[in-house]
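I have placed the structure first, in the form of structure tokens, so that the comments after it can refer back to it.
In what follows, every chain begins at residue 1, and chains take the letters A, B, ... in the order their sequences are listed. What you see below is based on every heavy atom in this structure, not just the backbone, and it leaves out hydrogens, waters and symmetry mates.
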There are 4 protein chains.
Amino acid sequence: MGRPPLKKGAIERSALELFVEKGVDGTSIRDIAQRAGVTEGALYRHHRSKDDLVRHLYLQSFTHFGEIMEALASTSTSPSDRIRLMIAQLVELHARDSYVFRYVLVLNHHLLKEVRVGERDFVAALARAIGGPSSDFIAQLVLGIIVQVSVAVESAQLPGKLADYSPRLIAAAMELVGKPL
Amino acid sequence: MGRPPLKKGAIERSALELFVEKGVDGTSIRDIAQRAGVTEGALYRHHRSKDDLVRHLYLQSFTHFGEIMEALASTSTSPSDRIRLMIAQLVELHARDSYVFRYVLVLNHHLLKEVRVGERDFVAALARAIGGPSSDFIAQLVLGIIVQVSVAVESAQLPGKLADYSPRLIAAAMELVGKPL
Amino acid sequence: MGRPPLKKGAIERSALELFVEKGVDGTSIRDIAQRAGVTEGALYRHHRSKDDLVRHLYLQSFTHFGEIMEALASTSTSPSDRIRLMIAQLVELHARDSYVFRYVLVLNHHLLKEVRVGERDFVAALARAIGGPSSDFIAQLVLGIIVQVSVAVESAQLPGKLADYSPRLIAAAMELVGKPL
Amino acid sequence: MGRPPLKKGAIERSALELFVEKGVDGTSIRDIAQRAGVTEGALYRHHRSKDDLVRHLYLQSFTHFGEIMEALASTSTSPSDRIRLMIAQLVELHARDSYVFRYVLVLNHHLLKEVRVGERDFVAALARAIGGPSSDFIAQLVLGIIVQVSVAVESAQLPGKLADYSPRLIAAAMELVGKPL
DNA sequence: AATGAATGAGATTTCATTCAT
DNA sequence: AATGAATGAAATCTCATTCAT
């Protein structure tokens, strides 16, 4: 009946990008509105506050990752293949949209605590696939190398792009998991 | 000389802690002053601006890390031992002062780029010790697992404290370096 | 004619209530729309602006009061009875709809000044019925005790409801008028 | 040590006046700052929020009134004289500072509820002096005529100023109290 | 007649910084 | 060396109003 929410998507995308580029606190509503080609008030039609927007994006992205990773977790291949697929998927997710990847994995560790209660949790899914007594710890190791390399690439500490390191990353991850290729 | 600057230390320490806890942009001068038990103006006696304080702390911490790591790099032990010592030292540095560790390693500073030009660079030192064509990449892997586990511990995603994971972290790092214990 | 304006009544009633409860400036268009079960735009179908709505309601209520009081003013009973009837009527008007009563009498409108020029003015009607050199002053006294007790009851400073105080209020008012019961 | 708070008084006075003139919600921080000859931020050095300022002024004024009225309540004159003194004092308080008078008596009835718990309460003091079973009710009548006439004078519905009506107001009040002069 | 997204202006509040004390 | 009131700019958010649907 009223206008369709033409700008909602632009607002959320702009926010996501800016949060990753400059940090949540380093991004102003005006920054978001400008990039989205909208006035500042428009944001509040769709989200009650900046904080609300931050959470919404986080929850959405986190759940998105969770769904993808859980789908892989229940494939019928061998355990070892499953792990390799999931690790490759993480790199693939970065390739597809490095902003979402970084928003979920590099930023906002304090939201992580809230969100991991009940939401589809890709970290838990990975740990489950790895199995064994140290699975939580090892899952963190795997995430750690991917995240660190992604950050290093982004900040030009390492040359090229993340995909260039994909095979070596996967090999390293499999080693950490205890199943060398 | 005149009176010693009684509050300078408190200001810098408070700033460091708050920058780690809430991020640089999430920390106000008032926050810092309050934690240091000082008023807002006092900060400007010692630093020209907030940005100046941020840089000063970063440079100081980064150089501190660099000196320690470079000292280890020139010990006379075997290459393999040297690497193990350096990795163990990173974990030890976290144990000694997790705030400095996180300020340097977790806050993904745009400052990192500036500072790595010319300052004593512990990342470069680690890479040199590792050697070989992929040394920069492998150094990032090693940093990645330590950083990630430190963050996971801090945010209670992993139980206990970082030191509890020290042997396993060192073992994993040596594996990444290609020199299993 | 076209369809009847189903929501007009709800909008105006909601506005009236909210203006009394939170003040005109403390009430937003959104507040009104929400209580009326309508969206913000709907209001502008019936009134050109918020200010227009405020005036319309005020004028309507003020005139309504004026008509009732003037009708009483021209009854054929004795002067003393006439006054008593009018005072009783004010209390009765509060009982019938305390929102309208308070909108007209408690919100000390700058509008009052405008509206009293030319509209059916119940304050003037009351003063005329009282008569004598101080009639305007005495009319204010009478209004004052009714308004004050109504506010005190509404804010629970006095127990019960206004009607409980009706006989005593009328007696007090007659005393002020100089015609004790 | 720091600057003395030169502007605090001006800010509070300006706020008080504007709140009375335009209502709390009708008064912006900018309005207050402008009248006080200060920038908007200055207000927040002395009060945490606009609401805080509103409350502070209310509490202060209310208590001020309470102290004065309670002092009169314990004078050694006859009960009848005491009441007359208190009524006269209310009119006098309006003469001395009609803004404070109106801020306490005409505005913000919702704060009244909070404040009357525990603070020096001039309404209660008046009721106590009046005595008898209906003392609370009668106190409201007395307040009602003073408030109403003060508002009528302010909005030019009655000519002159409140003081012009002082003898007649006191006489009317004594009548309501049941002790005609 | 009604919707509700979007606007543009303005409201409240925060904050790095300055400066009189 | 330190205080803390005050500034000025910017941040978050609200709101009356408009307009495509």
Which comes earlier along DNA chain E counting from the 5' end, the contact point of B:D31 or that of C:A42, where each point is its nearest nucleotide? C:A42
Considering Watson-Crick and G-U wobble pairs with both distances under 3.5 Å, what does E:dT12 pair with? F:dA11
So which one's nearest nucleotide on DNA chain E is more toward 5', A:T39 or B:D25? A:T39
Under a 3.5 Å limit on both distances, the Watson-Crick or wobble mate of F:dA20 is E:dT3
To the nearest Å, how far apart are B:K50 NZ and F:dA10 C1'? 13 Å
Distance check needed: F:dT18 C1' versus C:R48 CZ, whole Å only. 15 Å
If you count heavy atoms of other groups shown closer than 6.0 angstrom to CZ of C:R35, is the number above 12? yes
Indicate, with a heavy-atom threshold strictly under 4.0 Å, whether B:S28 touches base, sugar-phosphate, or nothing. sugar-phosphate
Quick one: do the A:S49 and A:D52 side chains pair a donor with an acceptor below 3.5 Å? no
Distance in angstrom units between C:I32 CD1 and F:dA16 P, rounded: 8 Å
Looking only at E:dA2, E:dT18, E:dT13, the nucleotide nearest the C:K7 side chain is E:dA2
Give one of base, sugar-phosphate or nothing for A:L43, where a contact means two heavy atoms less than 4.0 Å apart. nothing
B:R102 and salt bridge (Lys or Arg N to Asp or Glu O under 4.0 Å): which single residue from B:E21, B:E17, B:E154 fits? B:E154
What integer distance in Å separates B:E40:CD from E:dC15:C1'? 9 Å
Under 4.0 Å between a side-chain N or O of C:H46 and OP1 or OP2 of E:dA2? yes
Nearest-nucleotide wise, let me know which of A:I29 and B:G37 is further upstream toward the 5' end of DNA chain F. B:G37
Measuring from the side chain of A:V38 (C-beta onward, heavy atoms only), which nucleotide among F:dC13, E:dT7, F:dA5 has the closest atom? E:dT7
Could you tell me the separation between the CD atom of D:Q34 and the C1' atom of E:dT12, rounded to a whole number of Å? 15 Å
Looking only at E:dT13, F:dG4, F:dT21, the nucleotide nearest the D:Y44 side chain is E:dT13
Select from A:D51 and C:R45 the residue whose nearest nucleotide in DNA chain F is closer to the 5' end of that strand. A:D51
Whole angstrom is fine here: how far is it from CZ in A:R30 over to C1' in E:dT7? 14 Å
Let me know the distance between NE2 of C:H47 and P of E:dA1, rounded to the nearest Å. 12 Å
Could you tell me whether A:D51 and A:R55 have a side-chain N and a carboxylate O separated by less than 4.0 Å? yes
CD1 of A:I11 versus C1' of E:dT7: gap in Å, rounded? 12 Å
Residue C:R13 excluded, over 12 heavy atoms near CZ under 6.0 Å: yes
